[in-house]
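Here's the structure we're looking at; comments come further down.
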There are 2 protein chains.
Amino acid sequence: MRISQLAAATEIPVATIKYYLRENLLHDGVLTSATQARYDDSHVRRLKLIRALIGTAGLSVSATREVLLGLENPPESGHDLLGIAHHAVTRTAADDVDLSAAQKLLDRWGWGAAACDRDTQAALVEALHGLSEAGFEAPAALLDRYAAAMQDIAEADVESVPTDSAEAAMQHVVLGTLLMEPVLLAMRRLAQQSASVQRFGGAGSPRRPGPE
Amino acid sequence: MRISQLAAATEIPVATIKYYLRENLLHDGVLTSATQARYDDSHVRRLKLIRALIGTAGLSVSATREVLLGLENPPESGHDLLGIAHHAVTRTAADDVDLSAAQKLLDRWGWGAAACDRDTQAALVEALHGLSEAGFEAPAALLDRYAAAMQDIAEADVESVPTDSAEAAMQHVVLGTLLMEPVLLAMRRLAQQSASVQRFGGAGSPRRPGPE
DNA sequence: TGACTTAGATAGTGACACTCGCCAATATTG
DNA sequence: CAATATTGGCGAGTGTCACTATCTAAGTCA
């Protein structure tokens with residue numbers, strides 16, 4: 001398969017494929033001469049994965065590179081693999097962030113504070129900070145309810161990891177973590193719309209207050 | 001309060017405040033002369049809100065403008081207000097998107113397909129498509145479990161909307177929708193880490209496979 | 001009076017994800 | 001074999017975005 005056929009098969013412009021090659025997101029094809037290389041199915045699959053990570057999951061090119069690298073050189077532990085996925089979507093926290101608020105919540109939810117990544121804890125603290133800065137004080141009961149729901153989801157996540165093949169487990173953990181996020185957010189919005197209709201009545205569609 | 005004091009109070013550079021003024025995110029101060037204006041507490045609050053929407057929630061400047069506009073000129077129905085918030089985080093779907101997959105899921109989850117916004121449905125379809133393109137086929141049972149959890153969250157969302165003041169309700173719906181998303185995602189990651197330790201054992205921290 | 005601040009406008013910056021154009025070397029086609 | 005098309009590799013350009021810097025005339029304050 002030549003690059004133009006690869007482009008046709010994936011609907012990605014040749015220039016973009018070349019860019020991904022340069023950025024080491026996509027492995028090189030086999031050079032058959034100085035100006036020709038062969039690509040195969042693995043390139044097609046890889047490109048689809050790249051587009052899903054960059055497009056659907058909204059990762060940056062460099063975060064995508066790290067995730068792909070992690071998939072190729074998997075750590076021994078499934079837990080560390082999860083760390084790679086989480087690291088890709090969580091920006092590094094400053095050293096002086098106060099995590100005590102997060103620790104308190106983790107303790108309350110029984111999520112063994114020690115086991116949890118600093119950066120992810122910082123992300124929670126920052127998100128809650130943004131909320132309160134905007135004048136929204138989330139009642140503890142509401143957060144608890146959210147936490148219970150997310151714990152349920154996380155348990156489903158972890159339970160659904162296949163144990164037979166290590167490679168399948170990796171794919172599953174990383175993709176399930178990163179690509180499922182937009183699914184979950186879309187689900188929440190749809191569920192909100194449904195609940196909102198029942199609560200407020202469906203005066204109009206969410207987008208249009210009525211006939212124009 | 002002059003602009004430099006406003007900048008000091010919010011820790012936002014003067015140049016950035018001027019930019020927000022130009023972009024109509026922030027209302028003008030009261031001109032006391034051709035080159036002086038007074039700002040007050042409402043500007044401080046507004047700036048904090050803007051930063052939360054752009055920074056925490058990750059909205060674009062133009063989406064932020066639409067949300068703020070919606071907060072100022074509230075629609076009569078709470079449901080329409082939710083639509084404004086959802087519209088801000090959901091890109092407009094093409095006309096020819098096939099929503100039948102979404103309809104089927106909405107029916108199965110009892111979320112009254114008709115009541116749900118087209119664009120949000122399209123976002124779900126697209127997110128699921130990205131997942132399968134990447135080679136991750138989510139079992140229906142897993143999606144059902146996710147849906148149940150998100151429904152629980154959405155019900156908590158809608159129930160927690162205050163009914164006394166219309167203004168408070170607006171703030172609540174919009175901020176609860178937009179600013180809570182990063183909170184929920186951080187919670188999921190932390191819960192995953194906790195569940196992962198219990199499943200795979202905590203061989204190392206998620207970020208570091210071991211002592212270096 | 002003179003140093004400092006400001007509104008308002010224009011232009012510039014850096015990051016990001018591509019996208020384009022070029023060239024020499026090949027491959028394909030007639 | 002010659003004409004045409006394609007390719008790898010590389011440097012440079014594009015458009016978008018959220019700022020950021022600079023300038024000027026007009027003001028404020030000590």
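Just so it is clear: chains get the letters A, B, ... in the order the sequence lines come, proteins before strands, and each one is counted from 1.
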Inset, instruction - For the residue pair A:H27 and A:H43, categorise the inter-ring angle as parallel (less than 30°), tilted (30 to 60°) or perpendicular (more than 60°). - result: parallel

Inset, instruction - Mind telling me whether A:W111 and A:W109 have parallel, tilted or perpendicular rings, with 30° and 60° as the class edges? - result: tilted

Is a salt bridge present between [X] and [Y], judged by a nitrogen-to-oxygen distance below 4.0 Å?
{"X": "B:R189", "Y": "A:E181", "result": "yes"}
{"X": "A:R145", "Y": "B:D152", "result": "yes"}
{"X": "A:K48", "Y": "A:E11", "result": "no"}

Legend entry - Residue-phosphate contact under 4.0 Å: B:T32 side-chain N/O, D:dG27 OP1/OP2: no

Inset, instruction - Please state whether the phosphate of D:dG8, meaning OP1 or OP2, lies under 4.0 angstrom from any side-chain nitrogen or oxygen of A:S33. - result: no

Inset, instruction - Please say whether more than 12 non-hydrogen atoms of neighbouring residues, nucleotides or ligands are located less than 6.0 Å from CD in A:E23. - result: yes

Counting heavy atoms from C-beta on, name the nucleotide in [options] closest to the side chain of [X].
{"X": "A:I3", "options": "D:dC29, D:dG8, C:dC18", "answer": "D:dG8"}
{"X": "A:L31", "options": "C:dT5, D:dG9, C:dA7", "answer": "D:dG9"}
{"X": "B:A34", "options": "D:dA26, C:dA24, D:dC29", "answer": "D:dA26"}

Legend entry - Shortest non-hydrogen separation from B:S196 to A:L82 and the atoms involved: CB-CD2, 3.7 Å

Legend entry - Distance-only side-chain donor-acceptor flag, A:Q193 / B:T120, under 3.5 Å: yes

Inset, instruction - Provide, to the nearest angstrom, the distance between the CZ atom belonging to B:R65 and the P atom belonging to D:dC19. - result: 13 Å

Legend entry - Protein-nucleotide distance (B:M1, atom CE; C:dA7, atom P), rounded to Å: 13 Å

Legend entry - A:Q36 vs A:V61, nearer the 5' end of DNA chain C by closest nucleotide: A:V61

Inset, instruction - Can you pull out how bent the helix from C:dT1-D:dA30 to C:dG30-D:dC1 is, comparing the axes over its first five and last five pairs, to 10°? - result: 0°

Legend entry - Nucleic acid contacts of residues 15-27 of chain A, taken as heavy-atom distances under 4.0 Å to DNA chain C: A:A15, A:T16, A:Y19, A:Y20, A:R22

